[in-house]
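Accompanying notes for the structure given below.
This one's a predicted model, so the numbers in the text were calculated from it and none came from an experiment. In this chain, numbering begins with 1 at the start of the sequence shown.
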Amino acid sequence: MSLHSGRTRRAGAALAAASAGLLVLSACDKPTPLATVTVGTNSVNAEASCRGEDGKPLAESKLTGCLSGVKDAKSIDYAPGSTLRLGVDPKVVENGSKWIALLDGSPITEASAQTYRSFPNADVFASGQGGAAPKEKKVSIVQVDKDNKPESVWSFTLKRTNS
């Protein structure tokens, strides 16, 4: 009889530990869907750097700050003429939402419900004014709701390389 009660106590303790673990996990914020930038065989992904609160769109002032003020954006090397690939988690385009890609704050795509876009031989560092090409460019992915109001922003930095 004592063997059975020991087994019952261990099972009860394991069940209590599992329940406590689930309770702790449920108290955490759910991670945001990921966005990914790929150049060649290298990829970086990140969670949204800005999100609307309680399911509401981002305020215009917050969106402006998100697009210009991200200091810790993940970076990836980019050689001129490489293929730039952008992707979003399928959750980004659920419920009628779409996404737009921006390069230094200017749109480079229309709003899309696809989860992946590719830009073969893109020359993102081309300087139309004949000046020296910049060393970095900011790529942002902006999730928009069905009314084209911004919901979330993911930011990345492309670093120009010569190879």
Side-chain angles (χ1 to χ4, degrees), residues 24-163:
V24 168
L25 285 176
S26 67
C28 297
D29 289 334
K30 292 192 297 186
T32 65
L34 297 176
T36 304
V37 174
T38 303
V39 177
T41 58
N42 298 320
S43 294
V44 292
N45 58 37
E47 290 187 13
S49 53
C50 296
R51 296 178 61 188
E53 295 187 24
D54 300 323
K56 294 179 183 168
L58 283 167
E60 190 70 34
S61 60
K62 188 168 182 183
L63 175 64
T64 302
C66 291
L67 293 175
S68 63
V70 177
K71 307 277 188 268
D72 58 350
K74 295 220 179 157
S75 65
I76 188 167
D77 289 341
Y78 183 88
S82 295
T83 298
L84 175 65
R85 295 175 182 88
L86 306 175
V88 297
D89 188 299
K91 291 177 184 173
V92 172
V93 294
E94 286 180 348
N95 304 319
S97 291
K98 295 182 179 185
W99 63 280
I100 300 167
L102 307 173
L103 184 62
D104 283 345
S106 297
I108 57 173
T109 65
E110 298 289 325
S112 175
Q114 297 176 343
T115 58
Y116 174 82
R117 295 291 305 260
S118 180
F119 305 90
N121 301 313
D123 194 359
V124 299
F125 289 100
S127 177
Q129 292 119 4
K135 294 183 183 199
E136 294 183 352
K137 290 270 190 164
K138 182 79 65 188
V139 172
S140 300
I141 294 173
V142 180
Q143 178 187 26
V144 295
D145 65 16
K146 59 186 178 225
D147 298 320
N148 284 325
K149 294 190 172 147
E151 297 179 300
S152 300
V153 177
W154 294 260
S155 295
F156 300 90
T157 301
L158 298 177
K159 292 189 172 192
R160 183 170 54 102
T161 65
N162 294 326
S163 54

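- To the nearest 0.5 angstrom, Glu47 atom CD is 10.5 Å from Ser152 atom OG.
- Between the Asp89 side chain and the Lys91 main chain, a donor and an acceptor come within less than 3.5 Å of each other.
- For the atom pair Ile141 CD1 and Leu102 CG, the distance stands at 9.0 Å (nearest 0.5 Å).
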message: Before you tell me yes or no, could you show the steps for Asp77 and Val39 under side-chain contact (heavy atoms from CB on, under 4.5 Å), namely the whole-Å CA-CA distance, both residues' side-chain angles and the distance that decides it to 0.1 Å?
response: CA-CA 7 Å; Asp77 289 341; Val39 177; over 6 Å; no

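- Around the CD atom of Glu94, the shell of radius 6.0 Å holds more than 12 heavy atoms that belong to other residues, nucleotides or ligands.
- Proximity of a side-chain donor or acceptor of Gln143 to a complementary backbone N or O of Val92 within less than 3.5 Å is detected.
- For Trp99 (side chain) and Val153 (main-chain N/O), no donor-acceptor pair under 3.5 Å exists by modelled atom type.
- You'll find the side chain of Ser97 stays beyond 4.5 Å of the side chain of Lys146, heavy atoms only.
- Residues Pro80 and Asp123 share a closest heavy-atom pair of CB-OD1, 4.0 Å.
- In this structure, Ser49 OG and Lys74 NZ are separated by 12.0 Å, a value rounded to the nearest 0.5 Å.
- Under the 3.5 Å distance criterion, the side-chain polar atoms of Trp154 are matched with a main-chain donor or acceptor of Pro33.
- The number of heavy atoms from other shown groups lying within 6.0 Å of NZ (Lys149) does not exceed 12.
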Verdict with supporting geometry, Val88 and Tyr116, side-chain contact (heavy atoms from CB on, under 4.5 Å): CA-CA 7 Å; Val88 297; Tyr116 174 82; over 6 Å; no

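- Of all heavy-atom pairs between Phe125 and Lys159, the closest is CZ-C, 4.1 Å.
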Worked check of side-chain contact (heavy atoms from CB on, under 4.5 Å) between Val139 and Leu86: CA-CA 9 Å; Val139 172; Leu86 306 175; 4.0 Å; yes

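- Although no hydrogens or angles enter the test, the distance criterion places no donor-acceptor pair under 3.5 Å between the side chain of Asp54 and the main chain of Lys56.
- Between Glu151 and Lys98, the closest side-chain pair of non-hydrogen atoms is not below 4.5 Å.
- Put simply, the side chain of Leu58 does not reach to within 4.5 Å of the side chain of Val142, judged on heavy atoms.
- Using a cutoff of 4.0 Å between basic side-chain nitrogens and carboxylate oxygens, Asp104 and Lys138 are not scored as salt-bridged.
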task: Please lay out, stage by stage, how Arg117 and Thr109 fare under the test side-chain contact (heavy atoms from CB on, under 4.5 Å).
output: CA-CA 9 Å; Arg117 295 291 305 260; Thr109 65; 3.6 Å; yes

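- When only modelled atom types and interatomic distance are considered, Arg160 and Tyr78 share no side-chain donor-acceptor pair under 3.5 Å.
- The closest side-chain heavy-atom distance from Leu84 to Leu158 is below 4.5 Å.
- Side-chain N or O atoms of Thr64 include one that pairs as donor or acceptor with a backbone N or O of Glu60 at under 3.5 Å.
- Taking CG of Asn42 as the reference point, atom CZ of Arg85 lies at 11.0 Å (rounded to 0.5 Å).
- For the pair Thr83/Ser118, a side-chain contact is recorded, criterion being any heavy-atom separation below 4.5 Å from C-beta on.
- Atom-to-atom distance recorded for Arg51:CZ and Thr32:OG1 is 5.5 Å, nearest 0.5 angstrom.
- When only modelled atom types and interatomic distance are considered, Ser75 and Thr157 share no side-chain donor-acceptor pair under 3.5 Å.
- The OG atom of Ser82 lies 14.0 Å from the CZ atom of Phe119; values are rounded to the nearest 0.5 Å.
- Checking side-chain atoms of Thr36 against main-chain N and O of Asn45 turns up no donor-acceptor pair under 3.5 Å.
- Val124 places a side-chain heavy atom less than 4.5 Å from the side chain of Leu103.
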